[in-house]
Amino acid sequence: YTGMARKLLARKNDLQQNLDVAFATEHPAPFTEAQFKHLERGQVIRGTVNGLLNITKAVLVHGRIENGKSIVAVVAPLSLTSAPITVPVEIGCGDPKLLGKLPSLKPSGVSVTGVLRQPRWSFATPPNIPDKNEWWRIDAHELGAFWGISNLESPVLTAENLSDYKASFM
């Protein structure tokens with residue numbers, strides 16, 4: 001049992017160290033294509049990227065609690081301007097009742113600053129039910145199929161800042 005506790009503590013300390021390094025700079029460097037394609041489990045990278053955020057395809061990922069209330073994470077695909085890659089972006093969290101207007105919004109060019117990581121879920125996390133648009137896990141394979149996106153990368157970008165970005169998109 002002590003060995004298991006040591007492993008968990010070491011994992012927590014590694015994660016904290018990765019987060020400390022990621023947030024050590026106010027203006028992080030742009031992400032590279034390789035970072036999206038080769039992110040290791042447990043690795044955390046902070047950076048910026050520009051792309052087209054398709055908010056019309058946003059899904060609500062359940063299973064979050066904030067101040068004792070159930071909230072959802074809003075996840076939408078971001079097609080990068082710098083590479084032929086699309087990545088799931090967690091653009092924020094909120095009350096599911098207030099988020100019903102998302103499908104009426106238009107895709108837009110954005111600059112995203114945030115943290116890139118591999119999603120993880122526990123054995124207690126229910127499976128997704130894409131046919132019912134019910135989401136509990138940020139699973140790139142399932143989201144890519146649901147969104148009709150063949151080049152969806154598995155890391156998730158958790159946005160800390162979104163700003164308008166004007167560029168020509170495909």
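Remember, predicted model here, so these are calculated numbers, not experimental data.
- D139 places none of its side-chain heavy atoms less than 4.5 Å from the side chain of P119.
- Test T113, V110, L157, L116 against V49 for side-chain contact (heavy atoms from CB on, under 4.5 Å) and you get one pass: L157.
- Atom OG1 of T158 and atom CD1 of I91 lie 11.5 Å apart (nearest 0.5 Å).
- A donor-acceptor distance shorter than 3.5 angstrom exists from the side chain of R137 to the backbone of P126, with no hydrogens or angles considered.
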Only pairs under 3.5 Å count here: list side-chain donor-acceptor contacts from residues 141-150, not counting sequence neighbours, and write none if there are none.
unit_1: E142; atom_1: OE1; unit_2: N128; atom_2: ND2; d: 2.6
unit_1: W147; atom_1: NE1; unit_2: K57; atom_2: O; d: 2.6

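- In terms of heavy atoms, I65 sits closest to S70 at CD1-CA, 4.1 Å.
- Annotation: side-chain contact (heavy atoms from CB on, under 4.5 Å) contacts of A124 (sequence neighbours excluded): S122.
- Looking at residues two or more places apart in sequence or on another chain, you find a side chain to side chain donor-acceptor pair (under 3.5 Å) between S154 and Q118.
- Put simply, CG on N50 and OG1 on T81 are 5.0 Å apart, with the number rounded to the nearest 0.5 Å.
- Every salt bridge (Lys or Arg N to Asp or Glu O under 4.0 Å) that R64 has, sequence neighbours left out, goes to E90.
- For N133, the side chain to side chain donor-acceptor pair (under 3.5 Å) partners are W135, not counting sequence neighbours.
- Residue pairs that meet the ring-ring contact (aromatic ring centres under 6.0 Å, His included) test with at least one member in residues 35-54, sequence neighbours left out, are F31-F36.
- Of all the heavy atoms in G47 and P28, the pair that sits closest is CA-CB, 3.6 Å.
- Residues satisfying the ring-ring contact (aromatic ring centres under 6.0 Å, His included) test with W136, not counting sequence neighbours, are H62.
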Before giving the answer on side chain to side chain contact (heavy atoms under 4.5 Å, CB included), spell out for E33 and L80 the whole-Å C-alpha distance, their side-chain angles and the decisive distance to 0.1 Å. CA-CA 9 Å; E33 183 175 352; L80 307 188; over 6 Å; no
Between R41 and R120, does a side chain to side chain contact (heavy atoms under 4.5 Å, CB included) hold up when you go through it step by step? CA-CA 9 Å; R41 187 173 180 88; R120 290 185 352 165; 3.6 Å; yes
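- Heavy atoms only, all atoms of each residue included: V75 and P88 are closest at CG1-CB, 3.9 Å.
- Here the OG atom belonging to S108 is positioned 7.0 Å from the CG atom belonging to L52, to the nearest 0.5 angstrom.
- Remark: side-chain polar atoms of T86 are not paired, donor with acceptor, to backbone N or O of P77 under 3.5 angstrom.
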